[in-house]
Amino acid sequence: MPDEPRFVVQLHRASSTHFDLRLEVDGVLVSWAVPKGPTLDPTKRRTAFHVEDHPIEYFHFEGVIPKGSYGAGDVTVWDTGTWKLRRGDDARTAVEAGDLHVELSGEKLRGRFALVRRGEKGDREQWLLVHKRDEDAVEGWEPHDHPRSVLTGRTNDEVAADADHVWLSGAEAASAEVVVAPREQEVEEALAALDELGRQGTWHLFGRELKVTNLDKELFPGRDGEPPVTKRELLRYTAAVSPTAVPYLAGRALNLRRHPNGAQTKGFWHKQRPVHAPPFVGSWGNPEADEGETSTYAVVDEAAALVWVSQFGALEWHPWTSRTDRPHQPTYALVDLDPGERTSWGDVLVLARLHRTALEHVGVEGFPKVTGRRGLQIWIPVRRGPTFDETRGWVETLSKTVGAVVPELVSWKWEVKARGGKARLDYTQNAINRTLVAPYSPRAAPGAPVSAPISWDELDDPALRPDGFTIRTVLERIRERGDLFRGALTTSQRLPTLG
Ligand code: MN
């Protein structure tokens with residue numbers, strides 16, 4: 001017996017709010033827009049406008065359609081299930097005749113419905129949608145009383161605020177859905193598909209195809225008696241962390257730190273988007289690049305593109321602190337606590353606590369993370385406006401005030417050799433195309449440590465280490481603690497004048 005055809009109802013907030021009822025018929029979605037929405041109430045007749053068939057790829061789309069494109073707004077999967085024809089034996093014929101009787105088995109919609117054509121309104125066919133009086137009928141039942149997505153439990157407001165999927169109306173259906181941040185089930189499917197591959201092959205993940213090679217290659221030496229980390233394990237981590245990590249990279253030029261032969265070999269900067277990168281890896285042409293300079297950068301706007309970065313042998317992700325639409329206006333000010341040879345981890349913690357106190361004192365929120373090497377950074381989200389000169393000057397004032405408290409720990413000398421092994425509070429990273437490693441990026445070091453966000457309270461945890469979290473442990477930490485860096489994306493603040 002063939003599988004029963006499926007149906008979906010999407011709640012779509014575009015120029016007007018409506019419900020889109022779509023029935024799977026012969027590989028396409030036969031569709032009606034229902035302004036007041038379907039109801040189980042058999043006393044209510046609902047106007048439905050027959051609209052053009054939609055591609056099957058749109059079936060479970062939930063996310064955002066960007067401004068300026070067809071249907072711009074937000075979409076949730078309000079209901080889904082299977083359907084049966086209850087009169088006649090051919091759905092297409094029934095639709096053409098304007099008289100369709102179906103039974104829906106969804107999570108919200110159940111029972112028998114009739115869809116009947118009543119005439120034309122403008123250039124649109126106007127139909128009526130009614131629930132039959134059957135055992136599933138419920139008088140007084142209204143769709144807006146049941147607003148949440150059956151796919152993710154979210155409301156349209158929540159989807160709009162966290163656009164994990166985007167639909168590009170102008171693109172071919174097969175590539176119109178951009179998976180910015182995959183959902184749990186998609187990640188599990190992707191990981192299972194990777195497990196199926198031998199040493200190389202085509203990995204289907206997040207709606208994309210990616211050729212992956214040398215999966216058994218050891219990319220990071222083991223640490224503390226643990227086995228080495230293979231490329232397969234790195235790709236697995238990258239796919240699994242992508243829902244959390246991609247928002248810190250999206251819309252920004254990305255400098256890649258490549259170690260194609262593994263973390264134990266010398267790495268090099270790769271600041272150009274390779275021409276052979278797959279098309280879903282974004283690009284940005286820097287309009288101000290001088291002759292001979294890198295002009296086209298890679299931009300990671302979706303999960304599969306980040307996985308490509310790892311396949312490419314880039315073990316570290318270093319995004320710009322400005323976005324490509326306004327490259328001269330940073331969205332973060334950076335405090336980089338860069339230890340010298342004689343700086344202990346305890347010294348780094350002293351400097352971090354002093355910065356915490358200073359930020360509290362001036363009423364500014366900063367977000368700390370360990371680097372995965374020896375240091376610690378604080379990212380300070382900034383509402384766009386100030387230039388790099390301004391954020392650099394602000395961090396310089398802040399850090400010099402802190403440094404004056406502990407002159408025995410800090411050097412302001414540019415030359416490493418002149419610093420006497422002391423730490424450097426490197427405000428000069430606040431400049432265009434100067435980058436710090438991204439949150440959740442691996443580091444090219446034994447054991448595959450990760451630059452992991454921490455809470456301020458963890459500075460007082462004696463177990464905290466700058467390289468203590470690895471690609472083998474940080475996912476569990478995200479599950480338990482959530483994304484401790486999220487406020488760096490959502491906080492809108494101005495830097496106050498420092499007196
Ligand atoms: Mn619609």
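First listed ligand is number 1; within each ligand, the first listed atom is number 1. Values below: all heavy atoms of this structure, side chains included; hydrogens, waters and symmetry mates excluded. The chain is numbered in sequence order, starting from 1.
With sequence neighbours excluded, the residues forming a side-chain contact (heavy atoms from CB on, under 4.5 Å) with Ala245 are Val241, Leu306, Trp317, Tyr440, listed by chain and number. With sequence neighbours excluded, the residues that form a side-chain contact (heavy atoms from CB on, under 4.5 Å) with Glu52 are His54, Tyr70. With sequence neighbours excluded, the residues that form a side-chain contact (heavy atoms from CB on, under 4.5 Å) with Arg199 are Asp216.
Atoms of the protein (N, O or S only) found under 2.8 Å from the Mn ion (ligand 1) are His12 ND1, His18 NE2, Asp20 OD2.
Other residues, nucleotides and ligands place more than 12 heavy atoms under 6.0 Å from the CD atom of Glu120. Atom CG of Asp145 has more than 12 neighbouring heavy atoms from other residues, nucleotides or ligands inside a 6.0 Å radius.
Checked options Thr324, Leu254, Asn255; the residue passing with Tyr297 is Asn255 (criterion: side chain to side chain contact (heavy atoms under 4.5 Å, CB included)).
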